[in-house]
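Working notes, structure below.
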Amino acid sequence: MGLWMIEFHLDGRSGVSPYQQIVQQVRNALRLGLLREGDQLPTVKDVVAALAINPNTVLKAYRELEHEGLVQARPGRGTFVTRTLTDNTLAAHGPLRQDLRRWLTKARKAGLDDESIEALFLTTFRSAAQEDIA
Amino acid sequence: MNTVLQAHGLGKKYGRRWALTDCDLEVPAGHVVGLVGPNGAGKSTLLNLAVGMLTPSAGTVEVLGAPAGAQQAKVGYVAQDTPTYARLSIADHLRLGRRLNPAWDESLAQRRIQHLKLDPKQRAGKLSGGQRAQLALTLGLAKRPELLILDEPVAALDPLARREFLQDLMEAVAEQELSVLLSSHLVSDVERACDYLIVLVDSRVQVSGEIDTLLATHFRLTGPRRDQKDLPRDQHVVTASHTDRQSTYLIRTGQPILDPAWTVTQLTLEDLVLAYMGRDVQPERPVLEVQR
């Protein structure tokens with residue numbers, strides 16, 4: 001796969017399905033700027049041959065990325081990146097991130113340890129999501 | 001939809017023992033099917049029935065829309081331990097393949113032998129286990145079958161040879177229009193390579209279906225102790241265990257789980273297979289191994 005911009009790796013112990021791992025790795029590469037508009041994703045055959053995984057797994061991942069508008073399949077040529085994720089992520093969310101940092105400092109001052117902070121965040125996140133549905 | 005394998009009430013009896021019973025299957029084309037189960041569960045029996053090397057004692061089995069064994073040219077078979085002719089050279093094996101198979105793809109065979117860096121003059125008996133498996137796979141692929149059946153193809157291989165074998169098999173699936181049915185007693189092989197699963201335990205099919213669908217419809221429920229009969233009717237219990245206060249169920253359901261008392265967890269493929277393997281199907285199970 002040396003000629004491609006990125007290589008995929010599978011973590012068998014992660015509990016994340018192989019197709020989702022591929023989707024996440026492409027998204028990450030887009031966020032980090034490793035993949036840019038116009039870049040070609042590795043062909044299904046090359047991914048399959050490198051990872052010993054089912055071709056349908058790769059196709060499914062690429063279809064999902066296409067559905068999200070991140071890549072486009074060009075018949076007979078391959079799958080190409082159509083959009084980047086670099087601009088609307090970390091840089092754009094700087095203010096939010098600062099708020100979160102301030103909140104974290106407060107939480108620590110209040111005596112919460114890592115696990116409690118995570119638990120507090122998750123329960124709040126979930127109940128907020130519930131309220132949005134209701 | 002085209003089916004590669006269709007079985008109705010299929011059964012096979014050796015003497016007085018049923019090696020396979022009440023087998024109903026309908027496997028659509030275009031999949032890599034993993035047939036999983038412990039040793040002696042009846043995996044080889046099912047595969048041998050599918051290739052027509054065994055005749056059913058009960059029921060019917062159709063392969064690619066015709067009775068099993070009727071379309072030898074369209075079905076490739078790599079038997080357990082990837083047998084080859086020890087005294088024949090690799091070139092001899094290819095010559096045999098060419099003579100015996102109407103759709104033989106000589107350039108594919110040559111390309112693979114080159115890619116594997118094998119010497120055509122070498123006798124098959126001198127090959128390593130991994131090389132022998134690759135030779136058997138070469139013969140199976142160059143036959144250009146619509147369905148390739150492999151019985152425990154990687155069981156005897158070391159991790160590297162195992163990976164290389166599965167890489168080549170998956171590459172062939174991506175290149176050719178090929179359905180694959182392979183048996184294994186290791187979930188890890190199946191997890192990467194297969195997208196369709198059949199679990200066979202104690203001569204019976206316990207569950208079969210597309211792996212994505214199976215994973216999306218099986219859940220582990222844990223919560224305060226509750227009787228099985230109090231579960232909603234659409235929740236089929238695969239396994240259940242109880243303490244004085246707590247119940248843990250592994251269920252199959254197509255419906256959302258609404259009861260807030262349960263903590264619901266998704267299963268990994270290994271959890272799912274182990275659940276079906278571990279449940280008590282027939283307590284009076286005979287402990288005979290099927291002839292291999």
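Hydrogens, waters and symmetry mates are skipped; everything else that's a heavy atom, side chains included, is used.
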Quiz item: Which of the residues A/P18, A/A52, A/A49 is involved in the greatest number of heavy-atom pairs with chain B at under 4.5 angstrom?
Solution: A/A52
Quiz item: With a 4.5 angstrom heavy-atom cut-off, which part of A/L59 approaches chain B: side chain, backbone, both or neither?
Solution: neither
Quiz item: Listed by chain and number, what are the side chain to side chain donor-acceptor pair (under 3.5 Å) partners of B/W104, not counting sequence neighbours?
Solution: B/E106
Practice problem: Look at the side chain of B/K43 and the backbone N and O of B/G37, then say whether any donor-acceptor pair between them is shorter than 3.5 Å. | Solution: yes
Quiz item: Shortest non-hydrogen contact from B/D105 to B/L108?
Solution: OD1-N, 3.0 Å
Self-check item: Contact check, side chains of B/I198 and B/V33, non-hydrogen atoms, under 4.5 Å
Solution: yes
Quiz item: Which atom pair, heavy atoms only, marks the closest approach of A/F80 to A/G38?
Solution: CD2-O, 3.5 Å
Just by distance, which donor-acceptor pairs between chain B and chain A come in under 3.5 Å?
residue, atom, partner, partner atom, Å
B/Q167, NE2, A/A49, O, 3.2
B/Q167, NE2, A/A50, O, 2.9
B/E175, OE2, A/K45, NZ, 3.3
B/R192, O, A/N54, N, 2.9
B/R192, NH1, A/L51, O, 2.4
B/A193, O, A/N54, ND2, 2.9
B/D195, OD2, A/N56, ND2, 2.4
B/D212, OD2, A/K60, NZ, 2.5

Self-check item: Heavy-atom check, side chain of A/L120 versus side chain of A/L112, under 4.5 Å
Solution: yes
Quiz item: So, the side chain of B/K74 versus the backbone of B/R144: is there a donor-acceptor pair under 3.5 Å, distance only?
Solution: no
